[in-house]
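For reference, the structure discussed in these notes is given below.
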Amino acid sequence: MTVCQFFLQGRCRFGDRCWNEHPGAKGSGGARQQQQQQQPAGNNRRGWNASSQRYSNVIQPSSFSQSAPWGGSREQEGPAARAFDAGAASVRSRGFGLSENSFASLSSHGQEDEKKLLEGIIKDMVVWKSSGQWMFSVYSPVKRQSNISGFTDISPEELRLEYHNFLTSNNLQSYLNSVQQLINQWRNRVNELKNINASTQAALLSDVKDGMNQAAPTFGFGSGQTTTFGSPGFPVKNSSNNAQVFSFKLNSGFGTAPSGSQSVFGGPPTFGAVPSAGSAISTSTPTFGFGKPEVTSAASFSFKSPAASNFGSPGFSGFPSSLAAGPAGAPAAPACGSGGSVAGFGHVSSQSQTAFSKPSNDIFGNGSISTPLPVSNVIVTKDNVLFTAKDQLTAEELEQFQSKKFTLGKIPLKPPPLEFLNI
Amino acid sequence: MKTRRGCDRRGKMSLFGTTSGFGTSGTSMFGSTTTDNHNPMKDIEVTSSPDDSVGCLSFSPPTLPGNFLIAGSWANDVRCWEVQDSGQTIPKAQQMHTGPVLDVCWSDDGSKVFTASCDKTAKMWDLNSNQAIQIAQHDAPVKTIHWIKAPNYSCVMTGSWDKTLKFWDTRSSNPMMVLQLPERCYCADVIYPMAVVATAERGLIVYQLENQPSEFRRIESPLKHQHRCVAIFKDKQNKPTGFALGSIEGRVAIHYINPPNPAKDNFTFKCHRSNGTNTSAPQDIYAVNGIAFHPVHGTLATVGSDGRFSFWDKDARTKLKTSEQLDQPIAACGFNHNGNIFAYASSYDWSKVAEVTGCVLLISVRARLLPTCTESLARSAHGSR
């Protein structure tokens with residue numbers, strides 16, 4: 001194999017796909033295997049169709065396969081691709097049949113991946129702002145994962161329809177106001193992501209991680225009971241949430257489902273489904289107060305489902321509101337790691353789905369979830385229900401709570417002790 | 001009123017005195033010193049274009065002799081033209097909805113046209129009798145409509161913002177089947193036996209239509225932003241094998257359903273950006289509004305909010321050609337059944353929240369669409385406001 005001159009200069013456009021050799025290219029082991037595969041393939045290809053690798057007029061290879069040397073500032077997604085590449089490389093080496101086992105890659109790359117992810121997000125935000133592209137779109141930092149919260153999907157046609165409706169009712173000003181409001185929210189969120197500080201960072205990471213943990217179940221498509229598919233709420237959750245953020249949504253059927261505007265406030269089925277989906281605990285800034293309900297229900301789900309017998313108990317309905325604090329304030333805590341055990345909780349939730357729809361109704365009936373952060377005394381009173389005292393846990397469970405991730409098969413069935421939460 | 005996006009590279013001056021039909025605004029007022037870019041490619045404009053933005057267009061299937069073009073607009077109407085080989089377009093008929101028309105399609109025998117509208121209904125328009133009847137009902141605007149012709153059934157598939165996909169036998173007012181979508185339907189495409197639906201929140205589902213429509217697979221979106229348009233492509237044996245998905249971020253993903261090597265075979269490419277491949281300067285990114293595959297060559301065309309259309313070869317992964325920039329975004333596009341004609345609609349797509357006009361342009365593409373493709377015969381008509 002000839003050594004690739006472009007790679008040596010740091011500007012090979014083909015990255016993994018390049019037919020020439022990239023000496024000392026990658027750090028991740030999976031990629032090395034992949035390169036070995038590529039060599040024989042490359043030789044074959046050369047004989048077959050020499051024109052496919054052109055150096056001019058080429059559609060940029062996808063960021064999947066590009067593994068540019070550090071600092072290469074070219075068309076690729078850079079950090080985001082690398083972060084994903086680690087996962088992708090391990091996929092390739094294991095063959096397509098298996099699910100994307102991002103667990104493995106994450107644990108080995110850990111911190112580095114996070115940093116790259118964040119860099120990627122920042123870069124994307126900068127581009128988004130400056131490029132003038134459509135604002136009302138969801139966004140996911142790494143392909144194949146759930147979307148980052150705080151962004152909503154509105155298609156241009158929907159917006160235009162709104163305009164038309166307002167036109168007929170001669171109420172253009174309110175349309176303009178609503179659009180302006182949406183734009184401002186978008187701008188705030190983008191700036192927030194652009195200037196990531198510690199708290200948003202933690203929230204973001206948990207968002208993405210939980211999304212990733214969730215990706216595993218989605219690949220097990222054959223088993224119909226993965227609740228992510230059973231429920232209308234596909235892995236992403238924020239659609240109905242942010243629906244109420246639009247001020248004009250309520251007067252004119254904005255285009256989302258008719259239950260859309262009421263879904264948070266009293267439509268049990270939609271939200272009954274959400275907790276069972278075990279959706280990522282959404283990050284919520286104070287402006288997005290509505291993000292909270294989801295957190296509570298998700299949290300209540302993850303804590304309560306093993307103790308299914310407690311369902312009927314009156315203590316239960318009070319439960320979610322007091323939990324408003326816990327996971328929300330402690331995204332990095334082991335408590336959130338329970339999102340990783342979604343698969344384990346999968347079937348439990350499907351049975352408990354109907355039972356949940358009621359309590360979630362209560363949560364939303366309140367609508368008083370504007371206080372995002374908890375009152376600590378509330379937790380104390382419900383102490384025995386929410387948290388187990390340390391001495392009640394076995395050594396193994398303690399160890400699980402203390403570790404960064406749960407290991408499948410050893411996930412504790414009891415809620416973690418209060419002390420372990422970082423609020 | 002039109003907005004001009006700046007002159008094209010060659011600084012051409014184009015006078016538009018020759019073509020007819022400027023709607024009701026009288027003669028064109030283009031002075032000799034201004035450059036007009038509403039039709040820089042010198043393509044033929046269709047006479048009496050709709051008065052408002054065109055949202056969708058579709059050519060007649062091969063079963064119908066000649067070429068007929070249907071376009072739905074935001075002025076609530078659907079218009080039909082006959083396109084002759086000379087390039088002349090003759091307006092034939094028109095139907096109205098009570099809301100903007102979002103999608104149109106033909107039945108396989110070319111006798112009926114199906115239209116989907118924001119008035120939450122879909123209609124079947126019988127061209128012979130020029131009658132249109134309602135065949136579908138949703139709870140929210142109907143965004144996509146496609147005709148499915150299977151050996152053992154045929155039906156109309158409608159996707160709506162009410163998060164459902166419904167299948168209608170045109171004779172009954174109840175749907176044959178209703179499938180739930182994870183989110184609002186944004187775009188869809190059907191080539192039997194495969195159907196692809198892209199929804200809000202980056203949802204992507206593939207359906208298989210044999211026997212009866214059923215969900216085949218949910219796919220993790222290969223794109224990071226909102227899905228905008230999707231088109232299925234076929235393999236050399238003329239079987240649908242994958243699809244192209246466009247997003248608002250100037251990017252198209254080519255995705256095969258069962259590729260031998262997914263990591264290598266699936267890819268994304270950037271398009272409709274202002275700086276081309278040079279990304280050192282911040283570039284403007286435009287949404288990809290429509291994708292269409294050439295029925296014979298398998299090359300694809302994309303149209304974007306930047307007012308350009310481009311042709312690509314996905315197998316060689318190269319760009320074949322990009323047009324000059326039009327002064328308005330291009331909202332929709334389509335090939336006729338043999339690929340000789342490519343139609344694109346230049347009209348405002350709401351990407352910047354402002355004014356609207358509409359016109360539909362056609363070009364005739366010479367036999368081969370390869371790097372040396374030539375375009376001749378621009379056909380143009382302009383209905384503007």
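Lettering of chains follows the sequences in order, A, B, ..., and the numbering in each one begins at 1.
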Contact class of [X] relative to chain A, heavy atoms under 4.5 angstrom:
{"X": "B:Ile254", "answer": "neither"}
{"X": "B:Ala287", "answer": "neither"}
{"X": "B:Lys143", "answer": "side chain"}

Checklist entry - Do we see a donor-acceptor contact under 3.5 Å between the side chains of A:Ser155 and B:Arg184? => result no
Checklist entry - Looking at A:Trp128 versus A:Phe151, is the centre-to-centre ring distance below 6.0 Å? => result yes
Checklist outcome for this item: Applying side-chain hydrogen bond (donor to acceptor under 3.5 Å, both in side chains) to B:Thr144 and not counting sequence neighbours gives none
Checklist entry - What pairs with B:Tyr207 under side-chain hydrogen bond (donor to acceptor under 3.5 Å, both in side chains), at least two apart in sequence or on another chain? => result none
